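All values reported here derive from a predicted model rather than from experimental measurement. Order of the sequence lines sets the chain letters (A, B, ...), proteins ahead of strands, with each chain counted from 1.
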Amino acid sequence: MEPGSTALIRAARVLLLVLFAFNLYRAAMLSVTPPEAVTYNRFVGPSLQDAAALTSANNHVLNTMLARISTSIFHLTDLALRLPSLLGGLLYFWAVFRLARRAFGGGPLFLAAVALLSLNPLVLDYLSMARGYGFALAFWLWALQLMVEHLDSDQPVRGAKLNLAGVCLGLSISSNLAFMVPAGALAATFSLLPESRRSARRFQDLWLPAFITAFVFLVVPLNHLDTPSFRWGATSLRQTLNSLTALSLNHGNPAGTPPFLAGVVRVGVGALAVAILFLAVRRGGNLRYLLAGTVWGGLVGLQLAHRILGVPFPVARSGLYMIPLLTLGALCLVQWINRRPAEWAVLLVSAVYLLQLNVNRYGEWREYARARDVVKAIRQDAHGRPVRVGASMGLDQVLNYYRARYALGAWAPVESGPGSRSFDYYALNQADAGLVAERRLQVIWRNGDLIVAR
Amino acid sequence: MGEVLHILFGAAFTVAASIALGTILMRCLGLIWHRGEVALLGFVVGSGCLSFLISLLSLVHLARRGIFLWGGLALIGWGVWEERREAPRKRLPPAPAAWIILFSVVFTAFFFCYFFNALAPEVSPDGSGYHLGNVARMWKHHGFDWDYHSMYAYLSQGTEMLFLVAFAFGRHSAAALTHFAFLITLPLLMVAYGRRFDCARAGMFGALLVFLSPVAGMDGVAAYNDLAVATLIFAVFYLLQVWDEFKAINILLISGLLCGAAFAVKYTAFVAFPFALVFAGWRGARLRGLILLTLSAGIVAAPWILRNWIWLGNPFAPFLNAWFPNPYYHAGMEKIYVDSLSHYDGLKHAWEIPLQLTMRGSLVQGVVGPVFLLAPLALLALREQLGRRLLAAAVVFAVPAYFNVGARFLIPALPFGALALGVGLSRSPGVLPALALFHAIVCWPAVLSTYCDHWTWRVASIPMRAALRLEPEWPYIVARLGDLKLKALIEQVVPAGEKIFSFAGRPEAYLDRDIVVQYESTLGNRIQDVLTSPLAHLPKHLQAFQFLPVPARGVRVRNLASAANFWTVAEMRIRFQGRELPRMPAWRLSAWPNGWEAPLAFDNSYASRWSTWQAMSPGARLQIEFGRSEMVDSVWLECDPAWEAKVQVEVLTDRGRWVAITDTAEHSTVELPTGIRRAATRDVKDLGIRFLWINDSDFCATDMKNYPRFWGITQLAEANGTRFYRID
């Protein structure tokens with residue numbers, strides 16, 4: 001790592017600080033989204049006994065535990081619920097900075113690495129949303145960073161960094177089970193590296209801490225598993241890449257992503273995977289080895305899990321790890337080309353991400369950005385009397401969260417399926433908007449796709 | 001508080017007497033231990049010896065408080081005197097300070113939790129049932145009650161002998177606290193083992209794993225015996241390792257004594273003896289050493305084997321009844337009982353077994369804790385000799401768990417598995433303390449309740465007020481043992497010395513009347529069979545074997561087939577020219593197997609029947625010898641059909657040979673006279689039982705409730721889903 005602080009390094013620091021402020025603002029101001037609300041309603045809010053009764057894919061254990069702590073210390077607010085995720089974001093930015101410095105020095109490529117790894121709108125969404133993806137990504141990147149440090153060191157301190165890397169891998173899996181694939185692939189790649197044989201206790205120094213850490217966090221929650229909830233995902237890697245492309249490059253309107261863009265990205269990813277493997281084999285380099293091994297190990301792992309166990313491929317956020325993995329791979333290629341204009345060009349690419357950032361909504365849950373106002377509208381109209389609210393699927397979870405958040409004990413729990421029976425109020429999204437005309441409801445509040453009627 | 005002092009005195013006195021006895025014995029044998037070991041090994045060895053002595057006193061009905069008190073005080077005095085003569089003992093190698101702090105904090109927290117549970121009134125199922133039921137009965141008779149027959153009374157009762165001493169001073173809770181002493185001793189012994197054999201961290205880790213394990217904790221605070229077994233077995237292993245280092249022959253003698261004591265506590269612990277013998281032989285023990293080991297084991301185990309042999313005719317009662325047939329326990333019932341213990345009921349998939357044993361627990365009555373899911377990692381210990389020995393011991397002492405799926409049957413193997421896991425993981429920094437802390441958190445009662453099954457047997461709270469008797473004892477007990485709501489009535493209406501029949505076990509330890517439980521004895525089996533006959537197996541099926549008239553000195557029916565079912569005959573009738581031969585007192589009735597019950601096929605009662613009470617096998621027979629020659633031309637068997645049976649009629653000729661006549665029967669259904677229910681209760685009364693204690697879920701409970709007049713019974717009371725009847 002080059003010593004000192006150049007303008008580019010200072011710029012990177014400023015960028016990361018601004019992004020953290022951006023995350024902080026979103027965590028405090030944006031309404032919770034349905035999956036965040038489910039996390040609270042199902043795993044954070046209830047007693048430990050009820051929360052442990054059944055674990056679904058929505059329970060990102062480490063994040064859930066920290067959210068329980070933060071909401072009990074700071075009381076239930078959107079920010080308190082998202083505080084662990086913000087912390088995960090901070091850890092991620094720190095890892096990005098350190099890894100970029102170690103791998104790409106202090107030049108334009110370093111800044112490009114920081115920008116590309118931190119500005120991706122899909123990644124950025126999950127660095128403030130109350131889910132486990134931010135932590136999972138951060139710990140995975142830390143594991144990678146620590147492994148590289150261990151390998152780059154001329155006289156590695158026996159085991160200490162590897163132990164920590166193992167713990168990070170375990171924490172990554174504890175944050176989100178989908179990270180079992182990249183964590184396993186990374187650990188396997190490390191174990192197969194010729195350099196790693198200098199310390200012969202790979203099992204004890206890396207695998208065991210990783211396994212024990214994940215075990216400690218996951219064993220109790222996984223006692224009662226809602227297996228069907230883990231069956232959500234894509235049927236092919238093509239779908240996986242399409243979803244990531246749409247949410248990364250067309251964040252404002254993922255559904256409207258032009259097919260050619262997805263096609264180009266798929267071809268680009270294929271070429272990148274081959275190139276990074278070629279580069280690792282022909283030119284060496286610890287980071288390149290680890291990235292190439294993780295990319296290919298991950299692909300093989302996903303295929304095997306799909307074919308043997310019927311596990312679906314990741315889709316959108318559950319494939320989040322592919323973004324830094326592939327981005328780092330691409331950056332290594334550019335580094336190999338070793339042309340200053342190419343490095344500046346890569347930096348410019350990050351502008352694509354920059355242009356898509358929107359402080360007022362999350363990419364996957366755009367329509368819920370003002371869901372909080374739905375509750376406020378009903379509360380204002382109801383004047384404190386007990387009400388029964390029927391809400392569209394997804395919105396019911398959000399409203400139930402705000403029912404707890406605003407201590408609206410007089411309200412009956414919000415029910416899903418507004419068309420099933422009659423309610424005092426109807427909170428509807430676009431899919432159920434027809435109910436207004438059908439039941440001749442009076443609309444008392446409307447914002448974008450959300451309607452409150454009675 | 002006076003009651004609490006009695007309880008504490010009872011337990012402390014028993015433990016002190018044990019330590020003194022152990023110390024004296026080891027000093028007499030010239031065995032010198034380190035400071036951290038002497039009290040622990042003294043207690044374990046002494047408890048084995050004390051149990052042996054009390055069993056001898058019980059055999060001769062001298063189990064009295066005065067003898068316990070003065071004998072115990074003499075032992076304690078002698079032990080103190082011996083210890084004061086001893087030169088200052090060496091210390092064990094030190095353990096890491098951080099580990100001592102971690103161990104002390106966690107151990108202390110759980111110690112208090114367990115202590116108050118042990119001190120609270122004893123309400124555990126088996127503790128208040130047969131463990132202390134036997135103790136209370138022995139206390140009443142100042143020794144064994146030879147007239148009381150129950151499979152649980154036939155088991156070896158080494159721990160109950162210690163309970164008897166404690167019970168004499170502090171009643172039920174003192175007994176539970178005596179068992180609690182083993183729960184405390186085991187982890188401390190494991191720590192001592194770790195320090196002695198240069199694996200202090202693994203020792204402390206393993207000790208915490210075992211001590212905090214929910215099933216060990218719950219078992220250890222109740223008047224059970226599993227922790228005593230585990231401690232004795234671990235002590236055997238410990239001593240063998242020390243012997244392997246110093247080759248002192250007297251250590252083998254003590255090891256043998258502990259093997260015998262382990263058997264005396266629980267039959268399943270017999271594996272300690274072959275383990276010790278093989279280990280000692282493998283590690284070069286001389287013949288004299290092996291003989292000493294065998295002899296000492298045999299002497300301590302002998303009272304139980306001899307007692308059963310002389311009393312019941314089966315040295316290993318209540319098991320091996322097929323090898324040692326006896327009128328007190330049916331071989332078939334034994335098989336049903338053993339089979340029921342070795343199967344998981346309600347399991348959907350084999351994958352559930354590890355989860356049941358570690359985290360859920362409702363199907364296996366307890367959990368060992370989630371960390372034991374990491375047991376496969378103990379294989380890492382194979383790299384070291386110490387680890388290999390521990391793993392071998394873990395495998396050997398887990399064998400009994402194959403025959404009883406209850407989680408507590410794994411307790412004897414836990415110390416070895418936990419230590420091996422500690423040895424295997426000790427090279428990875430931070431892993432052992434992290435796992436120990438995790439285990440402490442997830443095994444704490446309040447946390448455990450959040451994830452284990454609701455019905456898991458566990459320490460669920462800390463009943464401090466009940467323990468200190470600030471809360472009245474009896475309401476606390478009755479709230480947990482609902483059957484005892486009927487105690488006052490039972491002791492009022494059932495005359496002293498009379499027995500009560502029940503399909504299910506009851507908290508006998510708190511009842512001053514003997515309960516005949518359906519599955520616990522031959523008598524219980526017979527009463528159950530009689531009471532279920534009107535609804536379950538009326539002998540409506542007639543098998544008529546017709547043949548040409550033949551003179552015979554005897555007739556028998558013989559089964560030629562094998563099947564898992566029992567073969568039963570309610571009535572066997574010998575006929576000639578369309579009339580039944582009148583049954584004569586001179587007839588000699590016999591049967592095989594279960595010859596004792598052959599008269600039930602000739603008692604003219606459709607409620608009772610002869611049964612093989614074991615799986616059908618070729619050669620099973622029911623036989624009459626007339627004592628003179630009679631003409632016969634048909635044999636009728638009235639029975640509940642056993643279609644697998646292939647029956648052949650044979651007659652005894654004047655020449656004394658049994659000759660097969662026919663194996664062809666005409667099958668028909670007969671109308672039975674009414675009043676079978678009444679006949680059933682009459683038969684039960686003839687067996688000496690006038691009172692029935694029926695659960696609403698029992699097979700005939702609804703019928704008895706709806707038709708008490710048909711049964712000839714009167715309901716005297718009802719409580720907690722049970723009804724108490726008198727046979728009119």
Side-chain angles (χ1 to χ4, degrees), chain A residues 42-55 59 61-62 64-65 68-69 146 150 157-171 174 187 199-227 309, chain B residues 205 214 348-349 351-352 354-362 367-384 421-454 456 458 460:
Chain A
R42 183 67 197 82
F43 305 110
V44 178
S47 67
L48 275 174
Q49 194 158 9
D50 290 341
L54 194 66
T55 283
N59 187 8
V61 177
L62 184 61
T64 301
M65 289 168 77
R68 286 187 83 98
I69 295 169
L146 288 165
H150 174 86
V157 180
R158 189 172 179 113
K161 284 206 167 134
L162 267 191
N163 288 157
L164 206 52
V167 170
C168 284
L169 288 180
L171 289 171
S174 307
S199 68
R201 307 192 313 170
R202 292 179 295 274
F203 178 77
Q204 274 186 206
D205 289 344
L206 179 70
W207 287 92
L208 207 55
F211 177 70
I212 297 290
T213 306
F215 175 86
V216 163
F217 281 98
L218 295 176
V219 67
V220 172
L222 296 189
N223 183 18
H224 297 288
L225 208 57
D226 175 22
T227 318
L309 303 173
Chain B
F205 170 78
K348 290 180 193 146
H349 197 282
W351 278 109
E352 276 185 60
L355 290 177
Q356 276 292 332
L357 287 170
T358 53
M359 293 204 286
R360 297 180 182 174
S362 58
V367 292
V368 295
V371 168
F372 282 96
L373 278 173
L374 296 174
L377 291 178
L379 292 175
L380 291 172
L382 282 171
R383 293 174 296 193
E384 296 175 32
L421 189 62
V423 170
L425 298 180
S426 58
R427 290 190 197 173
S428 294
V431 166
L432 292 188
L435 282 178
L437 269 177
F438 172 70
H439 193 54
I441 292 167
V442 296
C443 291
W444 186 252
V447 180
L448 177 67
S449 298
T450 64
Y451 66 88
C452 73
D453 289 344
H454 182 67
T456 299
R458 66 187 189 275

Under 4.5 Å, heavy atom to heavy atom: which of residues 369-378 of chain B reach chain A? Give them by number, or say none.
B/P370, B/V371, B/L373, B/L374, B/L377
Is it the backbone or the side chain of A/L48 that comes under 4.5 Å from a heavy atom of chain B, or both, or neither?
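Both parts, heavy atoms under 4.5 Å.
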Which bit of B/F438 comes within less than 4.5 Å of chain A, counting heavy atoms only: side chain, backbone, both or neither?
side chain
Can you tell which part of B/L380 gets under 4.5 Å to a heavy atom of chain A, answering side chain, backbone, both or neither?
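Side chain only.
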Under a 4.5 Å heavy-atom cutoff, which of B/L435, B/V442, B/T358 has the most pairs with chain A?
B/L435
Side chains of B/D453 and A/H224: does their closest heavy-atom pair fall under 4.5 Å?
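Answer yes - side chains close enough.
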Is the shortest side-chain heavy-atom distance between A/V219 and B/M359 below 4.5 Å?
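Yes, side chains in contact.
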What is the minimum heavy-atom distance between A/A52 and B/T450, and which atoms define it?
CB-O, 3.5 Å
Of the non-hydrogen atoms in B/S428 and A/Q204, which two are nearest, and what is the gap between them?
OG-O, 3.1 Å
Say whether, by atom type as modelled, one donor and one acceptor occur between the side chain of A/N163 and the main chain of B/P429 under 3.5 angstrom.
no
